[in-house]
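One structure is given here, and the rest of the page talks about it.
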Amino acid sequence: MREDLGITTLTDLHDQIIDQGDGYWIKIEAWVVPVSKDIPHGVRYALTLHEPYGKRILGYDNAHAVKPPKKFKYAGTRLPYDHKHRHVSDKGVPYEFKDAHQLLSDFFVEVDRVLKEARKS
């Protein structure tokens with residue numbers, strides 16, 4: 001596997017809280033771990049967006065395996081650890097981790113979308 005220079009960027013953001021205005025905030029957690037079959041890129045992460053009262057409304061993490069959508073239930077037995085939670089009650093859907101820079105980009109694009117929707121209501 002090629003070296004992912006974005007891992008340093010991601011881990012440098014560990015424990016950052018980023019104000020998004022109107023009481024919304026982001027928390028970033030990321031640390032290097034040994035490479036394994038479940039975490040082949042060698043970084044544990046949790047990128048979360050929270051509403052003003054603290055409830056997570058969006059998250060990208062690799063804390064646990066998630067079941068793939070039903071249409072892929074026979075596609076293989078590997079349960080991905082990289083996943084995202086698209087709303088409060090979402091149990092998680094698989095996320096394809098390409099590299100750490102792409103993870104950050106995908107997360108912040110999704111943050112912008114969720115905040116835009118939240119501020120409309």
Side-chain angles (χ1 to χ4, degrees):
M1 181 175 185
R2 66 179 175 77
E3 183 179 4
D4 180 357
L5 300 177
I7 297 290
T8 301
T9 302
L10 183 60
T11 57
D12 283 349
L13 292 169
H14 179 67
D15 273 345
Q16 294 296 307
I17 304 290
I18 305 168
D19 180 27
Q20 297 298 292
D22 301 323
Y24 293 91
W25 50 279
I26 289 170
K27 179 163 186 175
I28 298 178
E29 298 176 296
W31 58 97
V32 174
V33 296
V35 170
S36 69
K37 70 178 177 72
D38 295 324
I39 305 174
H41 39 68
V43 66
R44 291 294 297 259
Y45 62 87
L47 313 175
T48 54
L49 171 65
H50 300 263
E51 52 99 41
Y53 297 101
K55 186 181 288 187
R56 180 189 72 194
I57 57 174
L58 173 69
Y60 282 54
D61 69 80
N62 61 353
H64 56 85
V66 294
K67 293 181 182 177
K70 289 185 196 284
K71 67 181 181 178
F72 297 114
K73 71 180 183 178
Y74 298 111
T77 57
R78 183 181 177 278
L79 297 177
Y81 271 56
D82 296 295
H83 63 278
K84 63 182 179 176
H85 300 272
R86 299 164 296 179
H87 49 76
V88 175
S89 59
D90 187 351
K91 302 281 188 217
V93 295
Y95 170 76
E96 185 180 342
F97 185 100
K98 293 178 183 83
D99 60 52
H101 282 135
Q102 188 64 52
L103 170 69
L104 288 165
S105 176
D106 291 346
F107 175 70
F108 281 104
V109 165
E110 193 80 2
V111 164
D112 289 344
R113 183 193 63 76
V114 169
L115 288 176
K116 185 176 180 181
E117 286 180 13
R119 289 177 173 143
K120 275 186 194 176
S121 43

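The structure displayed is predicted, hence computed values, not measured ones. Atoms considered below: every heavy atom in the structure, side chains included; atoms not considered: hydrogens, waters and symmetry mates. The chain is numbered in sequence order, starting from 1.
By the 4.5 Å heavy-atom criterion applied to side chains, Ile18 and Phe108 are counted as neighbours. A heavy-atom distance below 4.5 Å is found between the side chains of Ile39 and His41. The shortest distance between side-chain heavy atoms of Leu115 and Val111 falls below 4.5 Å. Inter-residue side-chain proximity for Asn62 and Phe97 is flagged as unmet; no heavy-atom pair is nearer than 4.5 Å.
Under the 4.5 Å side-chain heavy-atom criterion for grouping Ile, Leu, Val, Met, Phe, Trp and Tyr, Val43 is connected to Leu13 within one hydrophobic cluster.
A salt bridge links Glu110 to Arg113: one of the charged nitrogens lies within less than 4.0 Å of a carboxylate oxygen.
The closest donor-acceptor contact from the side chain of Asp99 to the backbone of His101 lies under 3.5 Å. Gln20 places no side-chain N or O within 3.5 Å of a backbone atom of Tyr24 that could act as its donor or acceptor partner.
Side-chain polar atoms of Asp106 and Tyr95 form a donor-acceptor pair below 3.5 angstrom.
Listed here is the closest heavy atom pair of Ile7 and Ala100: N-CB, 3.6 Å. Phe107 and Leu47 get closest at one heavy-atom pair: CE1-O, 3.3 Å.
The line from CG of Asp15 to CD of Glu29 is 6.5 Å long, rounded to the nearest 0.5 Å.
The residue from Ile26, Thr48, Val114 that alone fulfils the side-chain contact (heavy atoms from CB on, under 4.5 Å) condition with Leu58 is Val114.
In this structure, Trp31 and His14 have perpendicular ring planes: the angle between them is above 60°, well past the 30° mark.
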